[in-house]
2 protein chains.
Amino acid sequence: MDIKMRSSCPISSSLDIWGDKWSLLIVRDLMFSKQCTYGDFLKSDEKIATNILASRLQMLETNGIIIKQDHPQSKAKVLYKLTQKGIDLLPVMIEINLWADKYFTLPAERKEILAEVKKDKDAFIKEKTKELMRD
Amino acid sequence: MDIKMRSSCPISSSLDIWGDKWSLLIVRDLMFSKQCTYGDFLKSDEKIATNILASRLQMLETNGIIIKQDHPQSKAKVLYKLTQKGIDLLPVMIEINLWADKYFTLPAERKEILAEVKKDKDAFIKEKTKELMRD
DNA sequence: AAATTTGCTTGCGTTTTGCAAGTGCAAATA
DNA sequence: TATTTGCACTTGCAAAACGCAAGCAAATTT
């Protein structure tokens, strides 16, 4: 569960934490849904295996990208949320979306959000960040 | 060597191509050096294994992120370069750098470039893109 | 002609992944 | 109150990916 730093390059250091096929999908879910339970992550389209999910959540928590919180309605549930460090990945997430928008066919629903992003990127980031920071 | 699409989500589709610990480092090298030989990639700090390098270059080429070109001086050498699709990853790369700048300690040399980026992000992207597009 | 460089490929042991099943506790249901 | 269901994981194991060292053919240098 520990991180092996490969070099002092910022890209490399970043990839050491979330450079795999699943971590950014977890972050994505948290950006779209604001908060998710373990079960919510399992429900997403990509069908992550439960053991992989557990290890990625652990890694992201260890590295301060997400935090676990008690669920207000139930002791059996756990809420995962983005920390400020995680929220700060929003610009990265947006640029990936914009890149993909140029080279893949996106679902119509996502295209709508992207249109808003393109209209005023900074405003979108500011607004979304504020939203994610509440509670 | 083929891609397994996990969903139609743009983040997911992107990660299907370059969502691993090495691909973006190859792209990084090409953005900083404009063009690299196979040996150049092997020389970078992270010490990628030669078989992994070969498979990643193959994957990136298959997906149109990079192209192989004949080396003008030697038939034994091969030049790898970014395609437009690869160059378009520059904003993603920059945002990762900016994120890492906030949460890691960067080498002084990289901080200088980042300072320039922060001064005017769009201008930097425009200029760097133009530079990478030459020849 | 021999040695070296270059861009890979091959073998093989180790690590990571993916799938299925299981576990323990909380909460709902009977 | 007893029992079933829901939730958040853990465990076992086969398959795939990774990492290291060695090998290899063509091009270049000596």
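To find a chain, count down the sequence lines: A is the first, B the second, and so on, and within it residues start at 1.
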Trainee: Tell me whether B:Phe104 is reachable from A:Ile3 by hopping between hydrophobic residues (I, L, V, M, F, W, Y) whose side-chain heavy atoms are closer than 4.5 Å.
Mentor: no

Trainee: Taking the nucleotide of DNA chain C with the closest heavy atom to each, which residue, B:Lys68 or A:Ser74, is nearer the 5' end?
Mentor: B:Lys68

Trainee: Find out if a path of hydrophobic residues (ILVMFWY) with successive side-chain heavy-atom gaps under 4.5 Å connects A:Met5 to A:Ile17.
Mentor: no

Trainee: With sequence neighbours excluded, give me every salt bridge (Lys or Arg N to Asp or Glu O under 4.0 Å) pair touching residues 87-97 of chain A.
Mentor: A:Asp88-B:Lys102, A:Glu95-A:Lys121

Trainee: From CG of A:Asp20 over to P of C:dT15, roughly how many Å is that when rounded to an integer?
Mentor: 19 Å

Trainee: Could you go through the side-chain contact (heavy atoms from CB on, under 4.5 Å) check for B:Leu42 and B:Leu53 one step at a time?
Mentor: CA-CA 8 Å; B:Leu42 288 177; B:Leu53 174 59; 3.7 Å; yes

Trainee: Starting at atom CZ of B:Arg6, determine the distance to atom P of C:dT17, rounded to an integer number of angstrom.
Mentor: 12 Å

Trainee: Evaluate A:Thr50 against A:Tyr38 for side chain to side chain donor-acceptor pair (under 3.5 Å), listing each step before the verdict.
Mentor: CA-CA 9 Å; A:Thr50 171; A:Tyr38 193 90; 2.8 Å; yes

Trainee: Determine whether more than 12 heavy atoms belonging to other residues, nucleotides or ligands lie under 6.0 Å from atom NZ of A:Lys34.
Mentor: yes

Trainee: Any side-chain N or O of B:Tyr80 less than 4.0 Å from the OP1 or OP2 oxygen of C:dC8?
Mentor: yes

Trainee: For the pair B:Ser33 (side chain) and B:Gln35 (backbone), establish whether a donor and an acceptor sit closer than 3.5 Å, ignoring hydrogens and angles.
Mentor: no

Trainee: If I take atom NZ in residue B:Lys77 and atom P in nucleotide C:dT5, what distance separates them, rounded to the nearest angstrom?
Mentor: 11 Å

Trainee: What residues from residues 21-32 of chain B pass a heavy-atom cutoff of under 4.0 Å to DNA chain C?
Mentor: none

Trainee: Heavy atoms under 4.0 Å, any strand shown: does B:Lys47 hit a base, just sugar-phosphate, or nothing?
Mentor: nothing

Trainee: Side chain of A:Ala49: nearest nucleotide among C:dG18, C:dG7, C:dT16?
Mentor: C:dG18

Trainee: Passes side-chain contact (heavy atoms from CB on, under 4.5 Å), A:Leu90 versus A:Lys128? Steps please.
Mentor: CA-CA 8 Å; A:Leu90 186 57; A:Lys128 189 79 180 171; 3.6 Å; yes

Trainee: Considering only heavy atoms, which members of residues 33-43 of chain A lie under 4.0 Å from some atom of DNA chain D?
Mentor: A:Thr37, A:Tyr38, A:Gly39

Trainee: Do you know the tightest heavy-atom contact between A:Thr83 and A:Gly64?
Mentor: OG1-O, 2.5 Å

Trainee: So which one's nearest nucleotide on DNA chain D is more toward 5', A:Asn51 or A:Ala76?
Mentor: A:Ala76

Trainee: What does the 5'-to-3' dot-bracket notation of DNA chain C look like when only Watson-Crick and G-U wobble pairs under 3.5 Å count, and pairs to other strands show as |?
Mentor: ||||||||||||||||||||||||||||||

Trainee: May I have the distance from A:Lys75 (atom NZ) to C:dC25 (atom P), rounded to whole angstrom?
Mentor: 13 Å

Trainee: Whole Å only: how far is the CD atom of A:Glu46 from the P atom of C:dT17?
Mentor: 16 Å

Trainee: Return each pair, listed once, that meets side-chain hydrogen bond (donor to acceptor under 3.5 Å, both in side chains) where at least one residue sits in residues 18-31 of chain B; pairs must be two or more places apart or across chains.
Mentor: B:Asp20-B:Ser23, B:Asp20-B:Arg56, B:Arg28-B:Glu46, B:Asp29-B:Ser44

Trainee: Could you tell me the boundaries of the chain A footprint on DNA chain D, defined by atoms under 4.0 Å from its heavy atoms?
Mentor: D:dC7 to D:dG12

Trainee: Hey, could you give me the CD1/CG distance between B:Ile113 and B:Asn97, rounded to the nearest 0.5 Å?
Mentor: 8.0 Å

Trainee: B:Ile52 CD1 to C:dT15 C1': how many Å, rounded?
Mentor: 12 Å

Trainee: Quick check against the 3.5 Å criterion: does B:Thr37 have a side-chain atom that pairs as donor or acceptor with the backbone of B:Val78?
Mentor: no

Trainee: Nearest whole Å is fine: how far is C:dT14 P from A:Lys4 NZ?
Mentor: 16 Å

Trainee: Would A:Met59 end up clustered with B:Ile96 when hydrophobic side chains under 4.5 Å apart are linked, directly or stepwise?
Mentor: no

Trainee: Starting from B:Phe32, can I reach B:Ile26 by hopping between I/L/V/M/F/W/Y residues whose side chains sit under 4.5 Å apart?
Mentor: yes

Trainee: Please state how far atom CG in A:Asp16 lies from atom P in C:dT16, giving the value in whole angstrom units.
Mentor: 13 Å

